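A quick write-up on the structure given underneath.
To find a chain, count down the sequence lines: A is the first, B the second, and so on, and within it residues start at 1. Quick caveat: nothing in here was measured; it's all calculated off a predicted structure.
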Amino acid sequence: MKNKYLLQCVLVLLLAGTFEHSHAQKWYTKSGKISFHSKASLEEIKAVNNSVTAVLDTKNGALQFSVLMRGFEFPKALMQEHFNENYVESHKFPKATFSGSIQNVNSIQYGVAGVYPATVKGNLSIHGITQPIETEGKLQVSGSGVKLIAEFPVTLATYKISIPTLVANKIAETVSVIVDCDLNNMLN
Amino acid sequence: MATAKRKQIWIVALILLVILVGGSLYAVREFNRQPVSIAAANPDFTLTDYMLIKEFETNAVTASQKYIDKIILVSGVVKEVNKNGQGVHISLGGKESLSSVRCAIDSAFGSTAFEMGKDLTIKGVVVGFNSDDLLGDDIILNRCIPVSSNH
């Protein structure tokens with residue numbers, strides 16, 4: 001009788017431990033993808049960065065992104081050079097960062113696979129300028145981790161990214177940023 | 001006298017035309033220039049993952065100036081292979097720390113199998129250094145291609 005009671009206690013403790021563990025995790029990736037898209041009257045520009053670092057704390061919804069500006073790849077070398085040297089000045093401001101959180105953290109069930117809408121709010125820093133932003137996105141939960149999907153606009157002038165008048169017809173004033181990050185690593 | 005002057009005008013016009021055409025061809029070529037082919041390029045530096053990580057951890061500013069935008073040949077042990085929708089990401093490094101040399105393998109080589117714990121030599125462009133207290137220090141490379149160990 002005593003042994004059975006002891007076994008039950010141990011089982012309950014183990015289960016409690018597992019439950020707690022699976023619902024308080026930090027998921028991260030160092031190969032997240034962020035791309036941006038500029039559609040102007042004369043030209044359409046797309047660039048992709050596949051080395052984005054993203055960390056999500058499922059307990060409180062804290063979310064961080066770190067993007068190396070030089071990691072953006074353009075189809076044309078000249079465009080990539082202008083982007084780095086003249087527009088974002090990556091030698092002065094090598095990283096763009098986001099620090100914020102998922103607002104509706106309570107409505108996301110990390111233990112149940114599915115797609116959940118998410119409201120993300122925080123501070124975005126690009127080119128040395130920090131601005132608060134808020135965007136809607138999606139959180140795809142699966143056995144292997146969490147996928148973050150979002151699309152939001154970035155007005156270049158807000159971040160003091162100035163485009164010379166000569167190429168004003170080739171680069172849009174507001175670019176579309178697309179986040180598609182697979183956080184499939186767990187932090188212990 | 002008039003013929004000589006006309007000849008002069010023709011020569012000037014011809015020179016201007018050559019400059020215009022030459023200039024235009026150069027501009028078009030420059031505009032359409034693709035990023036340099038990694039496979040064909042000679043690496044600016046050849047070293048091990050350990051040496052590269054050490055240089056960046058010692059002085060990130062000097063190392064950044066030395067390596068960023070350069071094509072390097074780096075060899076080490078595969079620490080992580082990450083296949084996601086965006087292609088294959090390899091990280092080279094030792095077990096002693098979370099730091100690593102990370103690279104996005106050029107999509108053309110995506111089907112090559114990469115094994116954890118095996119030696120690998122890759123050639124790629126250094127894009128930057130990402131230092132994180134929690135996640136370790138990473139030197140990030142782009143457009144990497146695996147190089148045969150016979151090199």
Whatever's closer than 4.5 Å to a heavy atom in chain A on B:R102 counts as side chain
Checklist entry - Should A:D182 and A:K33 count as an ion pair when the cut-off is N to O under 4.0 Å? => result no
If one checks every heavy atom of A:N84 against chain B at 4.5 Å, the contacting part turns out to be neither
Honestly, the part of A:K95 sitting under 4.5 Å from a heavy atom of chain B is side chain
Turns out that what part of A:V55 lies under 4.5 Å from chain B's heavy atoms comes down to side chain
If one checks every heavy atom of B:Q65 against chain A at 4.5 Å, the contacting part turns out to be neither
When the 4.5 angstrom heavy-atom criterion is applied to A:P94 and chain B, the contacting part is neither
Per-residue tally against chain A (heavy atom, under 4.5 Å) across B:L135, B:N32, B:D138, B:I140 peaks at B:L135
Practice problem: Considering only NZ, NE, NH1 and NH2 on the basic side and carboxylate oxygens on the acidic side, decide whether B:E57 and B:K54 come within less than 4.0 Å. | Solution: no
Ranked by heavy-atom pairs below 4.5 Å to chain A, first place among B:D69, B:L141, B:D132 goes to B:D69
Applying a strict 4.5 Å limit to non-hydrogen atoms, the region of A:T53 in contact with chain B is side chain
In short, ring-ring contact (aromatic ring centres under 6.0 Å, His included) pairs touching residues 9-43 of chain B with sequence neighbours left out are none
Looking at A:K76, I want to see if its NZ is surrounded by more than 12 non-hydrogen atoms of other residues, nucleotides or ligands under 6.0 Å. yes
